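Some notes on the structure that comes next.
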Amino acid sequence: MARFEALLTSSGSELLDRLASEAGAGGGIGGGGGARGTAGPRQALRLGTRLRVDYPTDLVVDALGQHELRTAAGAKFSRAMEMFFTRAGLEQASPQVVAEHTASRYAAGDTVADLCCGIGGDMLALAGHHRVIAVDVDPLHLRVARANADVLGVGGSVTTVLSDVRDVDLAGADAVFVDPARRAGQRRLRTGDSEPPLAWCLELAGRVAKVGIKAAPGLPREAVPAGWELEFIAVGRDLKEAVAWSPALATTGTRATLLPGGHTLTPAPAGYGAPAVPVRAPGEYLLDPNPAVTRAGLVAELARELGAWKIDERIAFLSADAPIRTPFGRPLRVIDSAPWNQKQLPARLRALDIGSVDIRRRGLAGDVDELRKRLKLSGTRRATLVMTRVDNRPWGLTCLTDE
Ligand SMILES: C[S@@+](CC[C@H](N)C(=O)[O-])C[C@H]1O[C@@H](n2cnc3c(N)ncnc32)[C@H](O)[C@@H]1O
């Protein structure tokens with residue numbers, strides 16, 4: 001802790017500023033020379049040696065480490081170069097775009113208890129609009145969270161509490177957000193396990209009505225009681241997390257949210273009499289739904305919204321005869337569609353002038369790398385080869401991505 005405090009002193013911040021300007025904010029040091037122009041280990045050594053003339057060795061070592069973390073954190077936080085991190089804290093931190101979305105689900109003016117705040121990924125977004133009681137059992141994480149709140153100018157809205165969340169009095173909180181740890185020290189916990197466990201987090205709703213629980217995106221629907229909303233959040237096509245919202249915050253049973261656009265898909269209101277989605281052979285277009293839509297169980301909902309059909313009862317591809325414009329999936333134009341025949345495939349692709357393929361496999365076994373090697377393509381066009389099932393028969397589709 002004393003070593004972290006040293007980074008917050010005037011020499012510490014002077015040294016971090018110097019690193020940002022000498023090593024460059026866009027690149028790390030000692031990263032082995034990467035695509036973003038990172039300096040190599042030799043350069044890092046030279047810089048370290050030079051800095052040790054002016055600063056204590058421990059401070060230089062820690063500042064170099066902090067600079068490295070800040071550089072990596074640029075992928076999650078817009079002001080990463082001003083913030084502080086631990087390696088584990090950064091790995092577990094919610095990206096800013098996700099944290100801002102989840103924070104927006106709490107009513108303005110609510111005091112929110114951020115249980116298991118870590119280095120403050122969620123806390124910082126909450127503190128933009130709410131008073132926050134930030135709790136963590138790890139003194140270093142809590143100290144880093146406090147430093148981040150101060151640096152980003154929201155310190156006045158945040159009270160930090162060093163405690164096991166199980167021992168915290170929630171009397172002053174109108175709402176709770178909890179992001180339990182999915183690792184113990186260096187060790188990842190088993191899938192579905194967390195600290196504190198999900199059962200404890202769910203019981204919070206008996207003490208404070210408005211509760212949001214962040215969980216891994218693999219969280220099964222059955223793990224959450226009736227009346228709770230399960231929201232699956234993707235950034236682009238990258239499924240990031242699931243958040244369970246207690247009945248006081250839930251507005252639907254399940255939801256797919258796509259960031260940064262903020263598009264959200266929910267089921268039609270119950271009793272609306274949603275018609276079954278037909279299953280038919282592929283048409284001119286194929287739609288690969290966003291993983292958040294698939295995880296939320298909303299593929300049929302999306303099909304109804306788009307007037308599309310399924311190509312198989314159990315496969316999450318949709319199809320239509322007109323171009324499909326939606327943020328909820330990636331459209332592909334079908335140029336060849338036939339029962340799967342690996343022997344004939346190279347000839348079929350050659351006839352279509354295909355020179356390279358992305359292979360997307362769903363519902364069909366096979367070694368994608370091995371297949372790619374065997375295709376020996378030489379054409380000029382790039383295509384997506386979809387290995388899947390149509391009406392439960394192995395099927396291959398060659399598609400182009402329409403711009
Ligand atoms: C997933 S991280 C939180 C990340 C945070 N939401 C963010 O965006 O930066 C989980 C945190 O829970 C803390 N933690 C684990 N068990 C705890 C407990 N029983 N009481 C309080 N904090 C705990 C860990 O120290 C860790 O900082």
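It should be emphasised that the depicted structure is a prediction, and the values quoted were computed from it without experimental measurement. First listed ligand is number 1; within each ligand, the first listed atom is number 1.
Each salt bridge (charged side-chain N to carboxylate O under 4.0 Å, His left out) pair with one or both residues in residues 197-220, not counting sequence neighbours, appears once here: D110-K210, D179-K214, K214-E241. Here salt bridge (charged side-chain N to carboxylate O under 4.0 Å, His left out) pairs that include residues 246-267, with residues two or more places apart or in two chains, are E229-R255. Each salt bridge (charged side-chain N to carboxylate O under 4.0 Å, His left out) pair with one or both residues in residues 3-17, not counting sequence neighbours, appears once here: R3-D58, R3-D62, E5-R143.
Look at R374 and E370 and you find a salt bridge, because one of the NZ, NE, NH1 or NH2 atoms lies within 4.0 Å of a carboxylate O, short of that distance.
F84 does not carry R146 over the face of its six-membered ring by the limits of under 6.0 Å from the centre and within 45° of the normal.
The 4.0 Å heavy-atom shell around ligand 1 contains residues Q92, A93, S94, C116, C117, G118, I119, G120, G121, D122, D136, V137, D138, H141, S163, D164, V165, R166, D179, P180, A181, E195, ordered by chain and number.
Aromatic rings from F317 and W309 are positioned such that their centres are separated by 6.0 Å or more.
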